[in-house]
Amino acid sequence: MRWDIGIDLGTDFVRVAEYNRGATLEAAARLALREGRENPLCCGDVAARVSGRTCAGVEVVSPLRDGVLENNFYADRLLRWVYRQAEELPRGKRFGAMLTCAPFSRPVQQEALLTAAVDAGAAEAALVRADAAAALGAGLDLNAPEAKLVVDIGAGKVTVTLFTLGRVAAFGYLPYGLNRIDARVQRIVRTEGGYRIGLNSAREVKHTLGTALPEAAPRDVVMHMTGFSMERRLPEVFDVETALALHACEEVVSEIAGLCAGVVSEIPEELAADLNDAGAVLVGGGAEMPGMDKRIGDTLGVPCRIADAPGKCAARGLAEIMRAPEKYPAALMAQTRKGSLK
């Protein structure tokens, strides 16, 4: 069976790779659904733009929550849309789909994701460890004996994996990602400032003022934000200071740094020695938070670098696995055909 399409389905984004074209699509992992109807009104970036602006009876949803599948029906509908966007899928013929999956997902969640991929139109579907695909997309040779430490920082999950000889030597994870910062920003603005803001506005605060190095952040930067005043019951423009964003970021960033240290502290001495030369590689969209590489590098005492276009690493890695799946047997988590799971 040839794998025609690879899909990196994340909490916030879905990225696609095709067999002959490599990475081709990046869109929001969102659907806008009208109550009582099965087909979505819109998907992808269009659905993301109407999030928080919908009318009664319309809801913008995502198939994943905290990095794992939450709703099988949403996944089915989003994957149908993804298949239609692919230019090289054989129309009306059998094709194989390869999807990334969080390594800590439960078997029932893995089976549900495989079922959604097949029900959406694939003749065969397979799940690949998201961290393995991202490591390959970052240019790492997973089959080499030297240790490779990969820190995958996403919107809904964080994983830290040490690879050697194509297998996992050590692993740790957080069942949440940088999206937790958005909720913290919302809560702090509401409780300390008296304003309500949406998730999109909270995300904008995180991207503009957030950093993993609070001691190096400028303290005189102020961001103008529009929110709903809880006192006056009216929309108002107010200022968000850097300290608020730093407070919201620090708990999550310190947890990520602590997770990395915990994984490294348990590895064998020879593999630990490899990290002095190879260091750690950051992948995932959250790797682009300012100062994240230095924060983790300082915590571990080893070099740390951010992969090129870290958010797209998993899609690039899927393209490589699709072309030669036999080279990466440990990356495969599960596989199914219509009517059977193995």
Side-chain angles (χ1 to χ4, degrees), residues 66-68 100-106 129-181 184 210-216 246 248-307 310 313-314 317 328 330-331 333:
D66 294 333
V68 295
T100 59
C101 184
F104 57 85
S105 60
R106 298 191 301 272
R129 289 183 65 109
D131 51 2
L136 288 170
L140 301 181
D141 181 6
L142 297 188
N143 293 322
E146 295 79 17
K148 306 290 191 301
L149 184 65
V150 180
V151 183
D152 186 358
I153 306 173
K157 63 172 174 44
V158 178
T159 61
V160 180
T161 314
L162 187 78
F163 292 99
T164 180
L165 294 172
R167 299 190 177 276
V168 176
F171 174 73
Y173 74 92
L174 295 176
Y176 58 84
L178 294 196
N179 276 1
R180 175 164 289 196
I181 296 175
R184 285 176 57 80
T211 176
L213 294 174
E215 66 278 2
L246 298 181
C249 291
E250 181 55 26
E251 180 182 349
V252 176
V253 172
S254 62
E255 286 280 347
I256 294 172
L259 173 67
C260 295
V263 170
V264 171
S265 68
E266 300 295 329
I267 65 177
E269 290 78 2
E270 292 300 326
L271 294 180
D274 289 341
L275 297 183
N276 288 326
D277 298 323
V281 178
L282 305 188
V283 298
E288 296 182 301
M289 173 175 277
M292 186 67 79
D293 54 340
K294 180 169 175 52
R295 179 70 175 268
I296 293 177
D298 290 347
T299 299
L300 300 180
V302 301
C304 183
R305 68 176 178 89
I306 302 174
C313 282
Y328 311 103
M333 298 176 64

For [X], what residues pass the salt bridge (Lys or Arg N to Asp or Glu O under 4.0 Å) criterion, not counting sequence neighbours?
| X | value |
| --- | --- |
| E250 | R295 |
| R184 | E251 |
| D141 | none |

To the nearest 0.5 Å, tell me how far [X] [atom1] sits from [Y] [atom2].
| X | Y | atom1 | atom2 | answer |
| --- | --- | --- | --- | --- |
| D131 | C313 | CG | SG | 12.5 Å |
| I296 | I153 | CD1 | CD1 | 4.0 Å |
| L165 | K148 | CG | NZ | 9.0 Å |
| D293 | R305 | CG | CZ | 11.0 Å |
| F163 | E146 | CZ | CD | 15.5 Å |

Which atom of [X] lies closest to which atom of [Y], heavy atoms considered:
| X | Y | value |
| --- | --- | --- |
| A132 | A331 | CB-CB, 3.8 Å |
| P145 | L271 | O-CD2, 4.3 Å |
| G317 | L136 | CA-CB, 4.0 Å |

Enumerate donor-acceptor pairs with a distance under 3.5 Å from any side-chain N or O in residues 276-289 to protein atoms, sequence neighbours excluded.
none

Check your understanding: Please, which pairs that meet salt bridge (charged side-chain N to carboxylate O under 4.0 Å, His left out) have at least one residue in residues 149-167, sequence neighbours excluded?
Key ->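 Qualifying pairs: D152-K157.
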
Sequence neighbours left out, cut at 3.5 Å: what donor-acceptor pairs do the side chains of residues 256-269 make with other protein atoms?
unit_1	atom_1	unit_2	atom_2	d
S265	OG	A261	O	3.4
S265	OG	G262	O	2.8

Check your understanding: How about L140 and V150: do any of their side-chain heavy atoms sit closer than 4.5 Å?
Key ->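 Yes - at least one pair of side-chain heavy atoms lies under 4.5 Å apart.
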
Review point. Is L142 close to T161 at the side-chain level, that is, under 4.5 Å between some pair of heavy atoms?
Key: no

Practice item. With R129 as the cation and F171 as the aromatic partner, state whether NZ or CZ is under 6.0 Å from the six-membered ring centre and within 45° of the axis. Key: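 Satisfied, under 6.0 Å and within 45°.
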
Using atom types as modelled, flag every donor-acceptor pair under 3.5 Å from a side chain in residues 172-179 to any protein atom, sequence neighbours excluded.
unit_1	atom_1	unit_2	atom_2	d
N179	ND2	D12	OD1	3.3

**Study point:** Pair L246-T211, side-chain contact (heavy atoms from CB on, under 4.5 Å): steps then yes or no
**Key:** CA-CA 7 Å; L246 298 181; T211 176; 3.2 Å; yes

Check your understanding: Listed by chain and number, what are the side-chain hydrogen bond (donor to acceptor under 3.5 Å, both in side chains) partners of T159, not counting sequence neighbours?
Key -> none

Check your understanding: Does S105 reach the main-chain N or O of V68 with its side chain, forming a donor-acceptor pair under 3.5 Å?
Key ->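 Pair absent, no side-chain N/O of S105 close to backbone of V68.
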
